[in-house]
Amino acid sequence: MKDKPRLTLSDDATRRAVASIRRFFAEELDEDVGELKASMVLDYILVEHGPSIYNQAIADAKTFFDERAADLGDVCYHKEFGYFKTPTR
């Protein structure tokens with residue numbers, strides 16, 4: 001599609017996505033679209049909207065890991081030299 005790089009899906013995911021698009025058109029829009037048209041819709045979605053979805057997923061994952069990394073000091077902290085219950089004099 002206009003020589004633009006796009007996100008790629010596995011062959012199985014592509015097949016399922018095309019089937020889903022065909023079903024959407026049939027059930028929601030009462031329109032029978034073939035595999036070629038459904039593939040073109042999928043290509044459009046991947047090129048035009050895929051990067052926004054991908055970028056948001058990356059931002060969400062970064063936030064998740066940043067929050068977990070911030071907790072490391074509290075979660076992983078071990079009191080040092082705690083064998084003896086009373087300190088030495």
Side-chain angles (χ1 to χ4, degrees):
M1 185 175 243
K2 298 187 181 183
D3 298 328
K4 292 186 178 185
R6 67 180 188 118
L7 300 173
T8 57
L9 302 176
S10 69
D11 290 342
D12 182 55
T14 298
R15 181 185 53 75
R16 291 185 357 237
V18 167
S20 177
I21 290 168
R22 291 183 74 190
R23 183 175 179 182
F24 174 81
F25 272 85
E27 292 182 11
E28 300 295 328
L29 303 174
D30 293 322
E31 184 81 28
D32 185 31
V33 297
E35 195 166 318
L36 177 62
K37 285 185 180 180
S39 292
M40 291 176 70
V41 169
L42 178 59
D43 285 344
Y44 165 75
I45 291 169
L46 289 173
V47 169
E48 187 69 12
H49 302 285
S52 296
I53 296 165
Y54 180 86
N55 291 341
Q56 185 60 54
I58 294 297
D60 291 347
K62 183 182 180 315
T63 299
F64 174 84
F65 284 108
D66 287 348
E67 288 172 356
R68 296 315 172 275
D71 290 342
L72 280 177
D74 294 331
V75 173
C76 297
Y77 178 79
H78 288 278
K79 184 177 178 183
E80 297 175 359
F81 303 104
Y83 181 82
F84 294 103
K85 300 298 179 203
T86 57
T88 60
R89 296 179 195 180

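Taking both residues in full, the closest heavy atoms of Leu7 and Pro51 are given as CD1-N, 4.0 Å, listed atom of the first, atom of the second, then distance. For Ala38 against Arg22, the heavy-atom pair with the smallest separation is CB-CG, 3.5 Å.
In the displayed structure, Asp11 atom CG is contacted under 6.0 Å by at most 12 heavy atoms of other residues, nucleotides or ligands. The environment of Tyr77 atom OH is dense: over 12 non-hydrogen atoms of other residues, nucleotides or ligands sit within 6.0 angstrom.
Applying the salt bridge (charged side-chain N to carboxylate O under 4.0 Å, His left out) criterion to Asp66, with sequence neighbours excluded, gives Lys62.
Asp12 has a carboxylate O that lies under 4.0 Å from a charged side-chain N of Arg16, or vice versa, which qualifies the two as a salt bridge. Contact check on Arg68 versus Asp71 returns no salt bridge, with no Lys/Arg side-chain nitrogen under 4.0 Å from an Asp/Glu carboxylate oxygen.
No single ILVMFWY cluster, assembled from side-chain heavy atoms under 4.5 Å apart, contains both Phe64 and Ile53. Side-chain heavy atoms closer than 4.5 Å link hydrophobic residues (I, L, V, M, F, W, Y) into clusters, and following such links, possibly through other members, connects Val41 to Leu29.
Ser39 places a side-chain N or O within 3.5 Å of a backbone atom of Glu35 that can act as its donor or acceptor partner.
Once rounded to the nearest 0.5 Å, the distance linking CD1 of Ile21 with CE of Met40 reads 12.0 Å.
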